[in-house]
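Structure record follows, encoded as structure tokens.
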Amino acid sequence: MEYNFKAIESKWQKFWSDNNTFKVDVDKSKPKFYVLDMFPYPSGAGLHVGHPLGYIASDIYSRYKRLQGHNVLHPMGYDAFGLPAEQYAIQTGQHPAVTTDKNVKRYREQLSKIGFSYDWDREFRTCDTDYYKWTQWVFIELFEHWYNKENQKSVPIRDLIEVFCREGNGKINAATDQIDVFTAEDWNNKSEKQQQEILLNYRIAYLADTMVNWCPALGTVLANDEIKEGLSVRGGHPVVQKKMRQWSLRISAYAERLLEDLNKLEWTDSLKEIQRNWIGRSEGAEMNFKLKGQDLEMEIFTTRPDTSWGVTFMVLAPESDLVQKVTTEEHKAKVEEYILETKKRSERDRMADAKSVSGQFTGAYAINPLNNQEIPIYISDYVLMGYGTGAIMAVPGHDTRDFKFARHFDLPIVQVVVKKGENPTDPKDWDDSIDSKEGKMINSGFINDLDVNAAIKQTIQYIEEKGIGKRKVNFRLRDAIFSRQRYWGEPFPVYFKEGLPYVLEKDKLPLELPKVDVYLPTEDGEPPLGRAKNWTTEDGYPFELSTMPGFAGSSAYYLRYMDPKNNEALVSEEANEYWQDVDLYIGGTEHATGHLIYSRFWNKFLFDIGWVCKDEPFRKLINQGMIQGRSSFVYRIKYNEFKDDAKKILSNFVPYLNYKKELKFTKNPSVRELRNLLNFRKGDVFYFDEENNIVLISRKLPSRIKRKIEEGNLRDKYEFLVLSEKEIKDKVIFNERINNFFKQGLELSVGNLENTFVSFNLRKEYDVTPIHVDVNIVSNDILDTEAFKNWNPEYKNAEFILEDGKYHCGHAVEKMSKSLYNVVNPDDVIEQYGADTLRMYEMFLGPLEMSKPWDTNGIDGVHKFLRKFWRLFHDDQNNISITEETPTKDELKVLHKTIKKIQEDIERFSFNTSVSAFMICVNELTDLKCKKRDVLEPLLVLLSSFAPHITEELWQLCGNNGSITYVSFPKFEAKYLVESSFEYPVSFNGKMRFKLELPMEISAKEAEDIVLSHEQAIKWLDGKTPRKIIFVPKKIINIVI
RNA sequence: GCCCGGAUGGCGGAAUUGGUAGACGCGCUGGACUUAAAAUCCAGUGACCAUUAGGUUGUGCGGGUUCAAGUCCCGCUCCGGGUACCA
């Protein structure tokens, strides 16, 4: 039988599905292993070849782990709530659930065709009520907990209430927005409403006013990437900053733990670094600046308290509450105006002129607590309310933004740090601030002459002693805004009583998403849920109108896979105890600051409240590189150019002859002769037909036209002007003929050439427009010209200028996208080559972590390999042919070399080199004509993780029953690789000159003697005595002359 | 700007701890088989010089360490990713 991948692949996919081959359950007799792919969002476009890259890698690893005797949990499901489905719903009126369902089914179908070993019984979608019930459940828990900094843990809010009743909030060390201190008595005297308001300041899930991008025209809030230059991407309407009461999650409470625990994880350094930057821990000091003439203080955060002597002004964020308090009467109007400007400018203008400096003096002065100088207080939009305290001390000498601001407002600049070996300079001459990371302090009182680091320590010590401020660690990580004014998401299990939020009883869950007539905001700007009828509790209290964001559903999905059908809990204790955490997580870096931070936070919270046994969800994580598209181009010659060409020919033509001389054509007139005859000048060109009539005469003909004429191409397209001797002599006839010729020529050229495409390497000779062409009609950069004509009616009459008889396309690496015609669909590849080829080729492309363009140029090689592998098991008549003979030493060596290599490669996720190793192995066994069961069966097992279909089939053809999935991975035996000799490269001064076979166990002395007496060595030594001989056993011999 | 990666033939890439640079595959060239095509097989393939034998050179650029550098160190260039009025 031939290698019929279509029959084989569908046969085994059916077998796996019929036999539940990959179904797993808790099985304490086996070690567990949990392999997870990042949750896909099922888009309408379906999978392209980039998506499966990580899935294939994780599938190989899963299958490998099964062969190693592990109980492998390898699930798949869908992150199914989200904006694209909602937008499609807005456009078409179809319920997002309908389109989502359709998309999910298409994904499932495509995934099935690639032969993944998922346990499909565990499949779910985030939009299933059975699933989002638990998302809502976790939200309720988040609402009912607060973060105790004392033991760094989330604890129930009822414990907090108890403390408040007993002793107030004075001793509580919580992550909170509560500033005011109250006693037990205060607390007990407060109304329920007041108490609830205070509790919101402590809850992990809390309501607070936050800034959002509000688009009045669309009546909705927009994400940052839905806005371009201050306008909505959809419709181009203006967007403004607006304060809105929204749910937030107090993820900032976990900043320290999220940062610290990164050290426990086996993630790539670059990914950890992205998270570290995002969390943004900075050590420094909080300092208080007294205000001149007022009983007020300004609190600032700085990482560089040592530069305090260089502070020459202060800057407040325009949004800061302090602005109103400090601004003097005479500056009030201007300050108000500036604040108004800032609000208006918000997104759009700030982006447009990010480099310009603006600000406004408040009229107030602060006192620098270190040198008692009076310094002016400004407001400016370069200081953000959301970071630190919304106020800074400006050190223009050593900070670029402060420097620009100082120059703009003509404020003093003082140098306080000098680099080692340099002298202080006059700030008046500076173009920019001076770097101050290293150096010595100057102009800085008691810290003068200290190094920067020592100066920071001394300053902090001083300000703590004097009560000016204290050491402080600041984080960049902001609390996560958890409300979305959208329809297609999880409803909050929240209702409002007297304007205050209360959560539903858990037995009321799930709170199902209600039906609405259209998926748009209401007329008064409320979210789509505002349209739902009876969207209230049984007692008539209104439900929350926002829904949860995308990350809500994807933050605990890995836990649900452990126990997806459980109705009593998100995950049972038993399942969680057994599966623990994800051992291997594969996905793209694009989730580095979203999903991967949120789910770590979410998991830590669940850990704190005792629901899960591990405080980190993903032990090892691998980032697959992006598969980019490789676009192909054709080059269309510009229409206008041809018009110009025709004109040019016309104007260059020389309709003039010298009649004084007799015109006489010889059979092969030389150019010189003609030039003389016709009085042409240098650079003029003329052409002849076969009968030596002049057919065209031109001065400075464009080279491309010239070439066409020489190639004879134009003769097919143009009626050439053919002039006889007599016609050339008669000026009137001549001119008439010429004029008519060009009139005709112009029409013809414009008519024919506007749809002409020129091959890649000839494109420079023309003025061309590159046009994206569907990569599916291009093979190895050669265009299928017939397919091209049929591809688009516009190109039906296309003409081609070829090179070597072929049309070569240009190419570029871009993102894979429908609009660029570079999308390659895995279904098409599978149709042509089969899933096993697709799987192996995606791995063969290069290292998993690296981005690379999808380029099918090499796929034939991988397919050929599988066919060759198939032939290894068959005779010339294509009958299965396996012998029971004992393998030879050479055959066992090939096998065990491969076992070792494959095992090592899989374990370090170097799948591209495994594919090479398989190729080498099959090449060698083919050369050895090895058909022995004891060699080929272990090889089948090795390959089965990579190419599961062909190996299952061959496994059966070899006479085995059942699936190859659960047999044992072949054991590597070093004894088969033992060599008796080693072929040493012998180099002279580090340059390899010849090779020499020497016994394995040889002393340096013996080796030296043999080498030096070798004729090649004698030649290279050329009579000289070696100065030194390096002998590295089993590596190299180097002779230094 | 800052942080993190990367750069090796015509192309994708290999070289795991400093030890034979270019494995494996594609492409290309030549050949075998065939009426022909497909499929398959064989040989060659970094560049330069040389009839051959062989030699020189070569891992983005410039230095350095070493018996030996794609690999380590110092200084650059370019490309990719992340991030930002972050104090």
Side-chain angles (χ1 to χ4, degrees), chain A residues 2 268-278 280 282 284 300-304 307 315 317 350-351 354-357 380-384 386-395 398-402 404-405 432 474-476 478 589-590 592-593 623 625-626 628 780-781 811 813 840-841 844-847 849-865 867-868 871 901 904-905 908 910 912-921 923 926 983-995 1019 1026-1032 1034-1041:
Chain A
E2 283 274 351
T268 58
D269 288 340
S270 74
L271 188 60
K272 287 188 192 177
E273 205 53 38
I274 293 172
Q275 291 221 337
R276 284 191 190 111
N277 289 341
W278 190 258
S282 48
I300 58 105
F301 173 76
T302 176
T303 54
R304 295 296 302 274
T307 59
V315 188
R350 273 174 134 177
M351 275 189 185
K355 280 179 186 87
S356 76
V357 179
S380 174
D381 59 9
Y382 82 87
V383 176
L384 306 178
Y387 187 75
T389 59
I392 61 157
M393 60 178 214
V395 186
H398 304 284
D399 179 283
T400 309
R401 284 154 309 145
D402 296 346
K404 280 189 181 146
F405 195 88
D432 200 349
N474 203 37
F475 291 96
R476 199 176 78 95
R478 308 256 67 82
T589 349
E590 67 270 21
T593 52
N623 286 122
M626 253 209 306
Q628 295 143 314
N780 291 335
D781 289 339
H811 63 88
V813 173
M840 293 205 78
Y841 186 59
F844 188 58
L845 228 41
E849 305 87 343
M850 286 221 302
S851 291
K852 57 227 148 192
W854 176 260
D855 184 350
T856 41
N857 279 349
I859 198 165
D860 281 327
V862 173
H863 189 63
K864 267 190 223 166
F865 156 76
R867 280 207 302 260
K868 198 168 177 179
R871 282 201 304 277
K901 175 80 177 148
E904 282 170 2
D905 281 354
R908 65 191 175 103
S910 173
N912 56 327
T913 50
S914 329
V915 178
S916 299
F918 280 123
M919 287 173 170
I920 294 167
C921 174
N923 288 345
T926 302
E983 192 178 40
Y984 280 90
V986 180
S987 28
F988 290 78
N989 292 336
K991 281 202 170 81
M992 209 281 286
R993 294 305 181 183
F994 64 93
K995 288 176 190 169
K1019 174 189 151 193
R1027 285 200 288 138
K1028 197 173 174 186
I1029 299 176
I1030 314 283
F1031 175 78
V1032 185
K1034 287 168 218 170
K1035 279 269 159 67
I1036 202 168
I1037 299 168
N1038 189 19
I1039 298 165
V1040 187
I1041 308 172

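Chain identifiers are assigned alphabetically (A, B, ...) following the order of the sequence lines, protein sequences preceding nucleic acid strands; residue numbering begins at 1 within each chain. Remember, it's a predicted structure, so these values are computed and weren't measured experimentally.
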In whole Å, measure the gap between the P atoms of B/G18 and B/C72 for me. 8 Å

From B/A87, B/U16, B/G19, nucleotide with atom closest to A/E904 side chain: B/U16

Please classify the nucleic acid contact of A/K901 as base, sugar-phosphate, or nothing, using heavy-atom distances under 4.0 Å. base

Residues passing the side chain to side chain donor-acceptor pair (under 3.5 Å) test with A/R1027, sequence neighbours excluded, are none

Step-by-step ring-ring contact (aromatic ring centres under 6.0 Å, His included) determination, A/W278 to A/F475: CA-CA 9 Å; A/W278 190 258; A/F475 291 96; over 10 Å; no

Per A/T303 side chain, nearest of listed nucleotides B/A15, B/A87, B/C85: B/A87

Give each protein N/O atom lying under 3.5 Å from an N/O atom of nucleotides 64-71 of chain B, with the pair distance.
{"from": "B/C67", "atom 1": "O2'", "to": "A/N1038", "atom 2": "ND2", "distance (Å)": "3.1"}
{"from": "B/C67", "atom 1": "O2", "to": "A/N1038", "atom 2": "ND2", "distance (Å)": "2.7"}

Partner residues of A/N923 under the side chain to side chain donor-acceptor pair (under 3.5 Å) criterion, sequence neighbours left out: A/K868

Under the rule for side-chain contact (heavy atoms from CB on, under 4.5 Å), what residues qualify as partners of A/S987, not counting sequence neighbours? A/I1036, A/N1038

Below 4.0 Å: OP1/OP2 of B/G25 and any side-chain N or O of A/N912: no

Within a strict 4.5 Å, meaning less than it, do heavy atoms of the A/I1037 and A/I1030 side chains meet? no

The nucleotide from B/C85, B/A87, B/A15 with an atom nearest the side chain of A/V383 is B/A87

For atom C1', what is the distance between B/G70 and B/A15, given to the nearest Å? 9 Å

OP1, OP2 of B/C86 versus side-chain N and O of A/R401: anything below 4.0 Å? yes

All side-chain contact (heavy atoms from CB on, under 4.5 Å) counterparts of A/P1026, not counting sequence neighbours: A/L1012, A/L1021, A/I1029, A/I1039

Which is true for A/R993 with a 4.0 Å heavy-atom rule: it touches a base, it touches only sugar-phosphate, or it touches nothing? sugar-phosphate

Answer whether the closest heavy-atom distance between the side chains of A/V357 and A/Y382 falls below 4.5 Å. no

Give the dot-bracket string for RNA chain B, reading 5' to 3', where a pair is Watson-Crick or G-U wobble with both distances under 3.5 Å, ( ) marks pairs inside the strand, [ ] marks pairs crossing earlier ones, | marks a partner on another strand, and . marks unpaired. (((((((..(((......[....)))((((((.......))))))((((....))))..(((((..]....))))))))))))....

A/E273 has its side chain closest, among B/G25, B/U20, B/C3, to B/C3

Measure from the side chain of A/M992, starting at C-beta and using heavy atoms only, and say which of B/U16, B/G25, B/U20 lies closest. B/U20

Could you tell me which residues satisfy side chain to side chain donor-acceptor pair (under 3.5 Å) with A/R304, sequence neighbours excluded, listed by chain and number? A/D306, A/S436

Nearest-Å distance once atom C1' is located in both B/C41 and B/C33: 8 Å

Check salt bridge (Lys or Arg N to Asp or Glu O under 4.0 Å) between A/E273 and all other residues, then give those that pass, not counting sequence neighbours. A/R276

Counting any heavy atom closer than 4.0 Å, what does A/D402 reach on the DNA or RNA strands: base, sugar-phosphate only, or nothing? nothing

Under the rule for ring pair (Phe, Tyr, Trp, His ring centres under 6.0 Å), what residues qualify as partners of A/H863, not counting sequence neighbours? A/F5, A/Y833

From B/G82, B/C85, B/U20, nucleotide with atom closest to A/Y382 side chain: B/C85

Between A/D905 and A/S914 (side chain of the first, backbone of the second, donor and acceptor by atom type, cut-off under 3.5 Å), is there such a pair? yes

With a 4.5 Å cut-off on side-chain heavy atoms, are A/R401 and A/D399 touching? yes

Polar contact flag, side-chain donor to acceptor under 3.5 angstrom, A/T913-A/S916: no

Quick one: is A/R304 getting a side-chain N or O under 4.0 Å of the B/C86 phosphate, OP1 or OP2? no

Taking 4.0 Å as the cut-off, does a side-chain nitrogen or oxygen of A/R867 come that near to OP1 or OP2 on B/U40? yes

RNA chain B nearest-nucleotide lookup for A/T913 and A/K991: closer to the 5′ end is A/T913

Using the 3.5 Å cut-off, write out each protein N or O paired with an N or O of nucleotides 7-12 of chain B and the distance between them.
{"from": "B/G12", "atom 1": "O2'", "to": "A/L845", "atom 2": "O", "distance (Å)": "2.6"}

Can a donor-acceptor pair be found, under 3.5 Å and without considering hydrogens, that links the side chain of A/Y984 to the backbone of A/K1034? yes

I'd like to check the side chain to side chain donor-acceptor pair (under 3.5 Å) partners of A/N277; sequence neighbours left out, ordered by chain and number. none

Let me spell it out: for each of A/T589 and A/Y387, pick the nucleotide of RNA chain B with the closest heavy atom. Which residue's pick is nearer the 5' end? A/T589

Under 3.5 Å between N/O atoms: give me all the protein pairs with nucleotides 41-46 of chain B, atom names plus distance.
{"from": "B/C41", "atom 1": "OP1", "to": "A/R871", "atom 2": "NH2", "distance (Å)": "3.4"}

